Chemist: 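There's a structure below that I have some questions on.
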Amino acid sequence: PTISKKNISNYKVVFDEKLLPVLVFYPNKISTIENIIIYVPGDGKVNGSFSEYSNICKNMAVEANCVVVAIDYFQTTIKYPTVVNKVSKLIKYLLDEFKKLGFDKDKITLMSDSVGCKILGSVTAKLINDGVSIDKEILFYPVVRDDYNDYKWNESILNLNFNLDKRVNSYLKKYFPKDKEYNCNLLEMGYLKDFPKTMVVVGDMDIFKEDGILLGEVLMKNVDGSSYKSIEFASHGFLSSKDEEVKREAYSLVKEFINN
């Protein structure tokens, strides 16, 4: 079906067999909707479960006063680069349909977190290469490398992240084979200079924060309006944490970014 205000709701919408399903979340006041976030979640096995991502989306929609469309690619095991092609196709469809509803590109933001940022980074590169115009992106605590086997960890922070390094390396090995079609190391992608305006948000207790900051600095150098933000006392996956103050700060940053 065509996306419309009649059939967008807090449940799964399957467009057809060729497109991935999505879950859509509204703010409290539907009449005030001005912005849409298309969300490519990180993997639930790394940060939690998709039910936790549903809570993130519900809160994001309310606190940032926008529609959040979450791409549910967890139903089947989709490896790289197939997931890039499927997500790209769906985002193209969504952008076209939202345009029909009167949402210009500056009102639509692509967002991801953790290992999902690797997928969104490659999707963005593919969309750019296909001539699709994207205005804004938000990357929360991005995982940017192809593997972290030789990475020099901050041991004091690593001990607070409960084997996150092992979970991430296991995920990368399973879903991002070495004979991949696209380079998905965000720090090495040649398309970064053509990226949309991007906000990178890291937690100061995240074991991957140095890469996130470096990515933010590269984007700031190459893309007007890009920035990186660091949230105090926040670890990897803080959007699904129980720290309400940290989450409120994150939602506030999102609201400010999508409205500018």
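Nothing here was measured: the structure is a model prediction, and the numbers come from that model.
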Chemist: CG/N65 to OH/Y251 distance, rounded to the nearest 0.5 angstrom?
Modeler: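 Rounded to the nearest 0.5 Å, the CG-OH separation comes to 14.5 Å.
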Chemist: Does atom CG of D224 have more than 12 heavy-atom neighbours from other groups under 6.0 Å away?
Modeler: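 Atom CG in D224 is not crowded, with 12 or fewer foreign heavy atoms closer than 6.0 Å.
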Chemist: For P142 and V201, which heavy atoms make the closest approach, and how far apart are they?
Modeler: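 Shortest heavy-atom contact: CD-O, 4.3 Å.
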Chemist: As an exercise, state the distance from OG of S241 to CD1 of I56, rounded to the nearest 0.5 Å.
Modeler: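 Rounded to the nearest 0.5 Å, the OG-CD1 separation comes to 9.0 Å.
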Chemist: Would Y141 and S235 count as a side-chain contact (heavy atoms from CB on, under 4.5 Å) here? Give the steps.
Modeler: CA-CA 9 Å; Y141 34 88; S235 58; over 6 Å; no
Chemist: For a quick test of reading the model, state the closest non-hydrogen atom pair linking P196 to E137 and the distance between them.
Modeler: CG-CG, 3.7 Å
Chemist: In this structure, would I213 and V200 fall into the same cluster of hydrophobic residues linked by side-chain contacts under 4.5 Å?
Modeler: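 Yes, I213 and V200 fall within the same hydrophobic cluster.
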Chemist: Apply side-chain contact (heavy atoms from CB on, under 4.5 Å) to L219 and L215, showing your working.
Modeler: CA-CA 6 Å; L219 287 165; L215 177 61; 4.0 Å; yes
Chemist: For side chain to side chain donor-acceptor pair (under 3.5 Å), just list the numbers for K105 and S133, CA-CA rounded to whole Å, side-chain angles, deciding distance to a tenth of an Å, and then say yes or no.
Modeler: CA-CA 8 Å; K105 67 175 184 177; S133 180; 2.8 Å; yes
Chemist: With clusters defined by side-chain heavy atoms of hydrophobic residues (ILVMFWY) lying less than 4.5 Å apart, directly or transitively, does L101 cluster with V22?
Modeler: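 Yes, because V22 and L101 connect within a single hydrophobic cluster, where side-chain heavy atoms sit under 4.5 Å apart.
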Chemist: Taking 4.0 angstrom as the limit, do R248 and E245 come out as a salt bridge?
Modeler: no
Chemist: Does one hydrophobic cluster hold both L253 and L239, with members joined at side-chain heavy-atom distances below 4.5 Å?
Modeler: yes
Chemist: Quick one: closest heavy-atom pair of V67 and P27, and the distance?
Modeler: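 Taking every non-hydrogen atom into account, N-CD, 4.2 Å.
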Chemist: Taking C-beta and beyond as the side chain, do Y228 and L139 meet within less than 4.5 Å on heavy atoms?
Modeler: no
Chemist: Nearest 0.5 Å, what's the CE-CZ distance between M199 and F140?
Modeler: 5.5 Å
Chemist: Between L120 and M111, which heavy-atom pair has the shortest distance, and what is it?
Modeler: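 Closest approach of L120 to M111: CD2-C, 3.7 Å.
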Chemist: If you measure from CD on E34 to CG on D106, what distance do you get to the nearest 0.5 Å?
Modeler: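 Reported value, rounded in 0.5 Å steps: 10.5 Å.
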Chemist: What do the steps show when you test I128 against F195 for side-chain contact (heavy atoms from CB on, under 4.5 Å), and what is the final call?
Modeler: CA-CA 8 Å; I128 291 170; F195 259 48; 4.1 Å; yes
Chemist: Taking all atoms of both residues into account, what is the closest heavy-atom pair of F103 and I108, and its distance?
Modeler: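 Nearest heavy atoms, F103 then I108: O-CD1, 4.0 Å.
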Chemist: Search all heavy atoms of C66 against all heavy atoms of N35 and return the closest pair with its distance.
Modeler: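 Nearest pair, atom of C66 first, then N35: CB-O, 3.2 Å.
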Chemist: Determine, for F98 and K107, whether the Lys NZ or Arg CZ falls below 6.0 Å from the six-membered ring centre while staying within 45 degrees of the axis.
Modeler: no
